[in-house]
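Heads up, the thing below is written out as structure tokens.
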Amino acid sequence: MINSVPTKYPLLEEILRIKGLLLQATYTIRGVASLFDVSIRAIQNRVASGQLSARDLPGRAKCLPQDLEAFLANSKKKASLKTRLRSLL
């Protein structure tokens, strides 16, 4: 029997596990962009639009693990109109 420990941030921790990274206390905008393999501007746009929360901590804006988990949990792509119509038929 495998002793599994429940994770606090399951989506974030799965990404970190796949990439061979450890959970950090805070993440810079640059670090978040690197984690998701996107540009810094893409993350800045998500913060500006309110999709991703960033904290105004000393030095620069930082994201907490719970901010990234919430972002991931709310990031499901909506099905296209064509897909939704197919499911109704």
Side-chain angles (χ1 to χ4, degrees):
M1 188 165 126
I2 298 173
N3 183 12
S4 63
V5 176
T7 61
K8 193 168 184 179
Y9 310 109
L11 299 171
L12 176 59
E13 289 180 34
E14 181 63 15
I15 291 172
L16 294 171
R17 185 191 64 74
I18 290 168
K19 293 185 163 248
L21 302 171
L22 297 174
L23 185 66
Q24 297 177 20
T26 61
Y27 295 85
T28 62
I29 298 299
R30 181 180 304 275
V32 174
S34 176
L35 179 64
F36 294 138
D37 296 322
V38 298
S39 68
I40 294 169
R41 175 62 65 198
I43 298 303
Q44 290 170 331
N45 289 341
R46 297 307 187 284
V47 170
S49 72
Q51 293 175 301
L52 174 62
S53 295
R55 315 300 173 113
D56 188 18
L57 298 175
R60 60 177 92 165
K62 306 249 180 157
C63 295
L64 301 177
Q66 58 261 36
D67 300 328
L68 298 178
E69 184 68 20
F71 174 71
L72 290 168
N74 294 321
S75 67
K76 289 184 181 178
K77 260 191 165 174
K78 292 185 170 77
S80 69
L81 177 60
K82 187 176 178 181
T83 304
R84 285 183 276 168
L85 290 174
R86 266 194 214 147
S87 69
L88 295 174
L89 300 176

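Worth knowing before you read on, the calculation uses all heavy atoms, side chains too, and leaves out hydrogens, waters and symmetry mates. Positions are given from 1, in the same order as the sequence printed here.
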Legend entry - Results of side chain to side chain contact (heavy atoms under 4.5 Å, CB included) for Arg60 - residues two or more places apart only: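 Per chain and number, Arg60 pairs via side chain to side chain contact (heavy atoms under 4.5 Å, CB included) with Thr28, Lys62.
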Treating Ile, Leu, Val, Met, Phe, Trp and Tyr as nodes and any side-chain heavy-atom pair under 4.5 angstrom as an edge, say whether [X] and [Y] lie in one connected cluster.
{"X": "Leu72", "Y": "Val47", "value": "yes"}
{"X": "Leu21", "Y": "Ile29", "value": "yes"}
{"X": "Leu57", "Y": "Leu35", "value": "no"}
{"X": "Leu16", "Y": "Phe36", "value": "yes"}

Legend entry - Heavy atoms from other residues, nucleotides or ligands near CG of Asp37 exceed 12 (cutoff 6.0 Å):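 Above 12, so yes.
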Distance from [X] atom [atom1] to [Y] atom [atom2], nearest 0.5 Å?
{"X": "Gln51", "Y": "Ile43", "atom1": "CD", "atom2": "CD1", "result": "10.0 Å"}
{"X": "Ile15", "Y": "Arg17", "atom1": "CD1", "atom2": "CZ", "result": "11.0 Å"}
{"X": "Arg46", "Y": "Cys63", "atom1": "CZ", "atom2": "SG", "result": "12.5 Å"}

Inset, instruction - Would you check if Leu68 and Leu52 make a side-chain contact, meaning some heavy-atom pair closer than 4.5 Å? - result: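 Leu68 vs Leu52: side chains touch.
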Legend entry - Non-hydrogen side-chain atoms of Tyr27 and Asp67 separated by less than 4.5 Å: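 No; the side chains remain at least 4.5 Å from each other.
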Legend entry - Closest contact, heavy atoms only, Leu12 versus Glu69: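 Nearest pair, atom of Leu12 first, then Glu69: N-OE1, 2.9 Å.
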Inset, instruction - Please check if the side chain of Glu13 supplies one atom and the backbone of Tyr9 the other of a donor-acceptor pair under 3.5 Å. - result: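 Side chain of Glu13 to backbone of Tyr9, a donor-acceptor pair under 3.5 Å: yes, one is there.
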